[in-house]
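Note sheet for the following structure.
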Amino acid sequence: MPELPEVEVVRLGLDEHVVGRAVTAVEVLDPRSVRRHGPGPSDFVARLVGRRVDAARRRGKYLWLVLDDGSSVLTHLGMSGQALICDPDAATPRHLRITVDLDDGRQLRFVDQRIFGGMAVSDTDPPTEIAHIAPDPLDPGFDVARVVSLMRRRRTGVKRALLDQTLVSGVGNIYADEALWRARLHYARSTRGLRIAEATELIRHVHDVMTEALAQGGTSFDALYVNVNGQSGYFDRSLNAYGREGDPCDRCGAMIVREPFMNRSSYRCPACQPRPRNGRW
DNA sequence: ATCGTAGCCTGGTAGC
DNA sequence: TGCTACCAGGCTACGA
């Protein structure tokens, strides 16, 4: 559920508080949070202790800390992951999974209720493990025309395409619904039926909504999406579609509807984003 | 090759 | 009150 803007908020915090620091100790409190680290928790700890953190990077919803031996600590927040910076003697949160002690006496904490996320050490920067993750819209190398071209070659619905991290990364349910609302597109519209101009505008909306959300510190619905200081962003007040079932559309006043889609929910304005009548529409 | 979906996870809440 | 069922949903693995 933390999507690109929320992950970037976390990356900025790590950049400020963790980069330049050395790791003095690591504790894995729940091995499930490092299950993607093949060699296991003790190896995870050994690969971190004594290393200095040289950079904090991100692609899509993945972020990683670059260590001074060229390896990196790949991190995904999943649905409920948090990276917090605090004093080691601060109260232990309920779902504390990993602690990383730093040489300035502070502690990086990975807190995760649902354990969809986790950490793993990769040999490289960028991690080869995320080679399949496409550039995200905030990446300087992001190529709109390329994404539009690839998208229009797919045989699927437009929201499915937006959520496919191998096509464009960083988009989750919230910003997909927001971009589709801005573009006045129904989630089931065929990618093949989109005109180049429509698809280009959709990608532009994805970029814009993420940029605006980032400027407000990200979106927060419950206390789960927070920066490294545990604070929430404010973009939820700016949402036009997501989570607004029964509210009037900010554009036309029709009542926003929620519909099951891909085993989750999709929000749209039934007037601005009408259901396609055939495959092309 | 491409597309669609089951399952991983926990806690809050709706419903009985 | 206490129980069950459901929902939140990013990602991987796997089947069609």
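Note that the structure is predicted; figures quoted are calculated from it, not measured. Note on naming: letters A, B, ... go to the chains in the order of the sequence lines (proteins, then strands), and numbering restarts at 1 for each one.
Here the shortest heavy-atom pairing between A:Ile256 and A:Ala241 reads CG2-O, 3.9 Å.
Between A:Phe44 and A:His37, the ring-plane angle classifies as perpendicular under the 30° and 60° cut-offs.
Distance, A:Leu167 CG to B:dT2 C1': 13 Å, rounded to whole Å. Rounded to an integer number of Å, the gap from A:Arg35 CZ to C:dA13 P is 11 Å. Taking atom CD1 of A:Ile115 as the reference point, atom C1' of B:dG7 lies 15 Å away to the nearest angstrom. Remark: P of C:dG10 and CD of A:Gln113 are 15 Å apart, rounded to the nearest angstrom. In this entry the distance linking CD of A:Gln82 with C1' of B:dG11 reads 14 Å, nearest Å. Here C:dA8 presents its P atom at 19 Å from CG of A:Asp112, a figure rounded to the nearest Å. A:Arg114 places its CZ atom 9 Å from the C1' atom of C:dC7, with the value rounded to the nearest Å. A:Met262 has its CE atom 9 Å from the P atom of C:dG10, to the nearest Å.
Within a 6.0 Å sphere centred on CZ of A:Arg155, other residues, nucleotides and ligands contribute 12 heavy atoms or fewer.
For A:Tyr175 and C:dG10, the shortest distance from a side-chain N or O to OP1 or OP2 is not below 4.0 Å. At the phosphate of C:dA8, neither OP1 nor OP2 sits under 4.0 Å from any side-chain N or O atom of A:Ser80. For C:dC11, the OP1/OP2 oxygens have no side-chain nitrogen or oxygen of A:Arg264 closer than 4.0 Å. Taking side-chain N and O atoms only, A:His132 has no distance below 4.0 Å to OP1 or OP2 of C:dC11. Put simply, A:Asn173 has no side-chain N or O that comes within less than 4.0 Å of OP1 or OP2 on C:dG10. When the side-chain nitrogen and oxygen atoms of A:Arg32 are compared with OP1 and OP2 of B:dT10, one or more of them lie within a distance under 4.0 Å. Considering only side-chain N and O atoms, A:Arg94 lies under 4.0 angstrom from the phosphate OP1 or OP2 of B:dG11. Of the side-chain N and O atoms in A:His76, none sit less than 4.0 angstrom from OP1 or OP2 of C:dT12.
Between A:Glu178 and A:Asn240 there is a side-chain heavy-atom pair separated by less than 4.5 Å. Put simply, the side chain of A:Leu14 reaches to within 4.5 Å of the side chain of A:Leu108, judged on heavy atoms.
Under 4.0 Å is where a charged nitrogen must lie from a carboxylate oxygen, and between A:Asp250 and A:Arg182 no such pair does.
Closest contact between the side chain of A:Tyr62 and the listed nucleotides C:dT12, B:dA6, C:dA8 involves C:dT12.
Within the 3.5 Å criterion, the main-chain N or O of A:Arg52 finds no donor-acceptor partner in the side chain of A:Arg21.
Listed by residue number, A:Arg154, A:Arg155, A:Thr156, A:Arg160 are the residues of residues 133-166 of chain A with a heavy-atom contact under 4.0 Å to DNA chain B.
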